[in-house]
Asker: 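Quick one: the structure is below, questions incoming.
Per chain, numbering begins at 1; letters A, B, ... match sequence-line order. Since the model is a prediction, treat every value here as computed from it, not as a measurement.
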2 protein chains.
Amino acid sequence: MNSHIRRSMPLFPIGIVMQLTDLSARQIRYYEEHGLVSPARTEGNRRLFSFNDVDRLLEIKDLIEQGVNLAGIKQIFAARQQQHTETTPSVAPKVMKQDLSEEELRKLLRAELMEAGRFNRASLRQGDIARFFH
Amino acid sequence: MNSHIRRSMPLFPIGIVMQLTDLSARQIRYYEEHGLVSPARTEGNRRLFSFNDVDRLLEIKDLIEQGVNLAGIKQIFAARQQQHTETTPSVAPKVMKQDLSEEELRKLLRAELMEAGRFNRASLRQGDIARFFH
DNA sequence: AAAAATATGTGATGAAATATAACATATCAT
DNA sequence: ATGATATGTTATATTTCATCACATATTTTT
C-alpha cells in the first residue's frame, strides 16, 4: 500500500488550497507557524500542499468551527499520533521511508502512472491519473 | 457518478504538471496552442490543469514517443471522441452539465469533501480528500 | 477593568513562477 | 534545398506568493 505516497505528494500551491478549504492564506500560514500543518516547499520557497495537508486543514477548520482553539487542536493531533504509534505493530523499525525528496516522490508517482496507464493508453481509451488517487 | 467533476477540477499550475509529465512548459503550451489540451485559467490568466488534463498530456507524450505527430494525435483524439458519442446512449440530451465555472466546481467538491469527511473527522481519524479521487 | 494572549485582517515590499512573443534550430517530409 | 513541425532559448510583463509589521477583535488572565 503506497497510497500514502500519493497522498503525501506535494502538489498544490496555496491559492488552490485556499479555494479548497475556504481558509485565508493568513490562516493557513498561521496554522503552519504553529505546527498544525507542514507543507513542503519548492526550491523557490513556495508552499506546496499534499492531499494529506489539505485534509488536515479541513479538519482544523472543522475543529475551529466547533470552538476548539489551536492549542486544543494540537493536543488532539498529538493524541491521535500517539495512539497510532501505540496501536501500530512496529515490526520493522528499519529505515522508515518518508525521507524521500519531493523530486523522488514525483518520479515514483509518474512511474506508477505510466506503468498503469499503458493498458488504457495503449488501447486509446481515456487515461487515468485521477483513478490512482483512490 | 460525479467523479468526472473531481477529475476535471482545475488544480495544478504548470510547474507541477511539468514534473508530473516530464514535459517542458514550451511543449505543454504548444500542445494547448494546437488544441490537444485546454487547461483552465485563473483570474490572472495562469493555466490550471485538472487530472484529466494531466492524463491527456501523458497520453500525448506516449504517442509522441511512439512517433505520432501532433496531427495524428489530434485525429486519434477526435476518433475517440466520436466513438464515444456514437456508443453513448444519449438518453437525456438535456442540459449536459460541463458548463460549471471553476469556482462552482471547487465549491461542489468542497461540499462533497466536507460531507463525506464528517464520518472520519468526527471520530478523529485521519481525513480523506485523496480517497475521493478514486 | 486592565493587561495579555489568541486569531485573523491588511498593506508594503520583494522574489518566484508563469504568460506571451520573438527568434533560433533541429528534424522530417516534399 | 525548401518548407513545415516541434522544441529550445531569451526577453519582458504580470501574477502569485513569501515575509514582516501593524491593526484589531475576542478571549483569557491577573
Asker: May I ask you to decide whether A:D55 forms a salt bridge with A:R7, counting only side-chain N to carboxylate O separations under 4.0 Å?
Answerer: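 Salt bridge: yes.
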
Asker: So among A:I60, A:V54, A:I16, A:D53, which one has a side-chain contact (heavy atoms from CB on, under 4.5 Å) with A:T21?
Answerer: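 Among A:I60, A:V54, A:I16, A:D53, the one meeting side-chain contact (heavy atoms from CB on, under 4.5 Å) with A:T21 is A:V54.
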
Asker: Does any N or O donor sit under 3.5 Å from an N or O acceptor when you compare the side chain of A:R29 with the base of D:dT19?
Answerer: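 Looking at the base of D:dT19, it does not pair with any donor or acceptor on the side chain of A:R29 (distance under 3.5 Å).
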
Asker: For A:R47 and D:dT19, is the shortest distance between a side-chain N/O and OP1 or OP2 below 4.0 Å?
Answerer: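 Yes, such a contact exists.
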
Asker: Please state how far atom OH in A:Y30 lies from atom C1' in C:dT10, giving the value in whole angstrom units.
Answerer: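 In whole Å, C:dT10 C1' and A:Y30 OH are 16 Å from each other.
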
Asker: For the pair made of CD1 in B:I64 and C1' in D:dT5, what is the distance, rounded to whole Å?
Answerer: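 Taking CD1 of B:I64 and C1' of D:dT5, I get 10 Å after rounding.
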
Asker: Nearest whole Å is fine: how far is C:dA19 P from B:R26 CZ?
Answerer: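 The distance from CZ of B:R26 to P of C:dA19 comes to 13 Å, rounded to the nearest Å.
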
Asker: Starting at atom CD1 of A:I73, determine the distance to atom C1' of C:dT6, rounded to an integer number of angstrom.
Answerer: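 Going from CD1 in A:I73 over to C1' in C:dT6 covers 12 Å.
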
Asker: Calculate the interatomic distance between A:L48 atom CG and C:dA16 atom C1'; express it in whole Å.
Answerer: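 That distance rounds to 12 Å.
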
Asker: Is there a donor and acceptor pair closer than 3.5 Å between the side chain of B:R46 and the base of C:dT18?
Answerer: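 Under the 3.5 Å cut-off, the side chain and the base do form a donor-acceptor pair.
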
Asker: Indicate whether OP1 or OP2 belonging to C:dA16 is found under 4.0 Å from a side-chain N or O atom of A:T42.
Answerer: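 No, because none of the side-chain N or O atoms of A:T42 sits under 4.0 Å from OP1 or OP2 of C:dA16.
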
Asker: Stepwise, does the side-chain contact (heavy atoms from CB on, under 4.5 Å) test hold for B:R47 with B:R41?
Answerer: CA-CA 5 Å; B:R47 270 166 265 254; B:R41 298 280 181 140; 2.9 Å; yes

Asker: Find the distance B:I14:CD1 to D:dT14:C1' and express it as a whole number of Å.
Answerer: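 Going from B:I14 (CD1) to D:dT14 (C1'), I get 15 Å.
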
Asker: What nucleotide, of D:dC17, C:dG9, C:dA7, holds the atom closest to the side chain of A:P13?
Answerer: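 Output: D:dC17.
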
Asker: Starting from the C-alpha separation in whole Å, work towards a yes-or-no answer on side-chain contact (heavy atoms from CB on, under 4.5 Å) for B:L20 and A:L11.
Answerer: CA-CA 9 Å; B:L20 249 28; A:L11 291 175; 4.2 Å; yes

Asker: Within 45 degrees of the axis of the six-membered ring of B:F77 and under 6.0 Å from its centre: does B:R56 put its NZ or CZ there?
Answerer: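 B:R56 over B:F77 ring: yes.
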
Asker: Take atom CE of B:M18 and atom P of C:dT18, then tell me their distance rounded to the nearest Å.
Answerer: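 For the pair B:M18 CE and C:dT18 P, the rounded distance is 8 Å.
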
Asker: Side-chain N or O of A:N45 less than 4.0 angstrom from OP1 or OP2 on D:dT19?
Answerer: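 For D:dT19, OP1/OP2 do have a side-chain N/O of A:N45 under 4.0 Å.
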
Asker: Could you tell me how far apart A:N69 (CG) and C:dA7 (C1') are, to the nearest whole angstrom?
Answerer: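 Rounded to the whole Å, the gap is 10 Å.
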
